[in-house]
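Data block below; observations after.
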Amino acid sequence: MDFGLSEEEREVRDWVRTFVRKEIQPLEPEVLRRERAHQPGLTRDELTSLQLKAKESGFWGVQTPEEYGGMGLGAVLTALLEVELGRSFVPFRFGGDADNILYFANEEQKQRYLLPTIAGERRSCFAITEPGAGSDAKAIRCSARQDGTDWIINGEKTFITGGNEADFTMVFAVTDKAKGADGGVTCFLVDRAAGWRSEYIDTMGEWGPAALVFEDVRVPKENILGEVGRGFELAMKWIGRGRYLLPARALGGCERLVEMAIGQANTRVTFGEPIANRQAIQWMLADSAVEIEALRWLVLHAAWVVDQGGDSRHWQSIAKLYGGVKANEIVDRVLQIHGGMGYTRELPVERWYRELRLLRIYEGTDEIQRRTIARNLIKGHASVSGTLG
Ligand SMILES: Cc1cc2nc3c(=O)[nH]c(=O)nc-3n(C[C@H](O)[C@H](O)[C@H](O)COP(=O)(O)OP(=O)(O)OC[C@H]3O[C@@H](n4cnc5c(N)ncnc54)[C@H](O)[C@@H]3O)c2cc1C
């Protein structure tokens, strides 16, 4: 058993580590200042210029297949890279990627949606959640009815990431009520120009998702992604595409936070001694280090199963659940070690605290991950002996 990195993995990881340290972390004070003033941390131009800088070194379309101009990296490498990006709260991501389900587009749709998205010319959003259907995604009611060769969409979506900025949406609508999610949901590619509108939702995070409203939005049949009635499968493919990446990013944040906590513990003196000398503080650091280590291997293991081509859902759920719960415990301890300063907006700890909270909610809540894990065990799809058998 080899827990080491290959030369290629080490090189890629080290390049990203340096990029984050040299290009991204120096932006943190300004990003924080802007966010405190209710402005976007990074402007679109700044993000694009950082992305182009990375592109010069080949970092473009990390998981985009090589025939589409991407790097086509596997899951383990992508996870390693995501951990490094997670070491900063600056909302940076490499350019050149597109939603996995856009690859199911036909040739004409690829020209209109997939390729411009990879090129960064168009932005997409994935819209399934509704006010009455979140965890229970099969309960969606947004509908599409046929009118000649067109479809007319009516309904509301909510909490849609990027919904305010998107040029088009991949929206999931019921096209056959009797069949519902089992053959009666269809995915439509709908340009904003077709008439849907978005409304910003203020959250405790630094950016807000959107509610999308469809009122008699007409789309031609050419805009159906995949097949009529097969949309729910596409939605599940989108959600399952990389659950391990969310805890990977959180892992990087936790590493950075605990480093900050160690610095604070060594320098903050109370009752004549650095607080690092107190067992209460040491135990918080020790527990955090143990959990970070456990999370690292859960994430890399889930990514490894993805790379093996096996059914990774169970292992991804385990990594996502553990990452969500533990990252929140860790950031809470780090805030505690910083005392009153941890609670202020002078330090980014409270920012991380708010951001990491989301991990327990989106792309499947803690409870839904537990439900998946338990069901797999009870039905015998997975075993507590793990993948070693
Ligand atoms: C910032 C943000 C971004 C998002 N981005 C997107 C996006 O881009 N696209 C998109 O479609 N959606 C998006 N979502 C929606 C997100 O996926 C849902 O919020 C999430 O799935 C939970 O659904 P819900 O909010 O309706 O909660 P509910 O489903 O109403 O759940 C409420 C509570 O009940 C629990 N619960 C529900 N069912 C069970 C059960 N069977 N057993 C035990 N407990 C249960 C949940 O775990 C939760 O604690 C986003 C949400 C947020 C907050």
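Here the structure is a predicted model, which is why all the values come from computation and not from measurement. Atoms within a ligand are numbered from 1 in the order they appear, just like the ligands themselves.
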Please say yes or no: joined through hydrophobic side-chain contacts below 4.5 Å, possibly via intermediate residues, are F188 and F104 part of one cluster?
no
Does this structure show an ion pair linking [X] with [Y], if we count only N-O contacts that are shorter than 4.0 Å?
{"X": "E215", "Y": "R197", "result": "yes"}
{"X": "E367", "Y": "R371", "result": "no"}
{"X": "E255", "Y": "R87", "result": "yes"}

Which pairs of N or O atoms, one from ligand 1 and one from the protein, are separated by less than 3.5 Å, and what is the distance for each pair?
residue: ligand 1; atom: 5 (N); partner: F159; partner atom: O; Å: 2.8
residue: ligand 1; atom: 5 (N); partner: T161; partner atom: OG1; Å: 2.7
residue: ligand 1; atom: 8 (O); partner: T161; partner atom: N; Å: 2.9
residue: ligand 1; atom: 8 (O); partner: T161; partner atom: OG1; Å: 3.3
residue: ligand 1; atom: 9 (N); partner: F126; partner atom: O; Å: 2.9
residue: ligand 1; atom: 11 (O); partner: I128; partner atom: N; Å: 3.0
residue: ligand 1; atom: 11 (O); partner: T129; partner atom: N; Å: 3.0
residue: ligand 1; atom: 11 (O); partner: T129; partner atom: OG1; Å: 3.1
residue: ligand 1; atom: 12 (N); partner: T129; partner atom: OG1; Å: 2.6
residue: ligand 1; atom: 14 (N); partner: F159; partner atom: O; Å: 3.2
residue: ligand 1; atom: 23 (O); partner: S135; partner atom: N; Å: 3.3
residue: ligand 1; atom: 29 (O); partner: S135; partner atom: N; Å: 2.9
residue: ligand 1; atom: 29 (O); partner: S135; partner atom: OG; Å: 2.6
residue: ligand 1; atom: 47 (O); partner: T365; partner atom: OG1; Å: 2.6
residue: ligand 1; atom: 47 (O); partner: E367; partner atom: OE1; Å: 2.6
residue: ligand 1; atom: 49 (O); partner: E367; partner atom: OE1; Å: 3.3

For the residue pair Y103 / K237, report whether a side-chain donor-acceptor contact shorter than 3.5 Å exists.
no
Should P26 and R21 count as side-chain neighbours, where that means a heavy-atom distance under 4.5 Å?
no
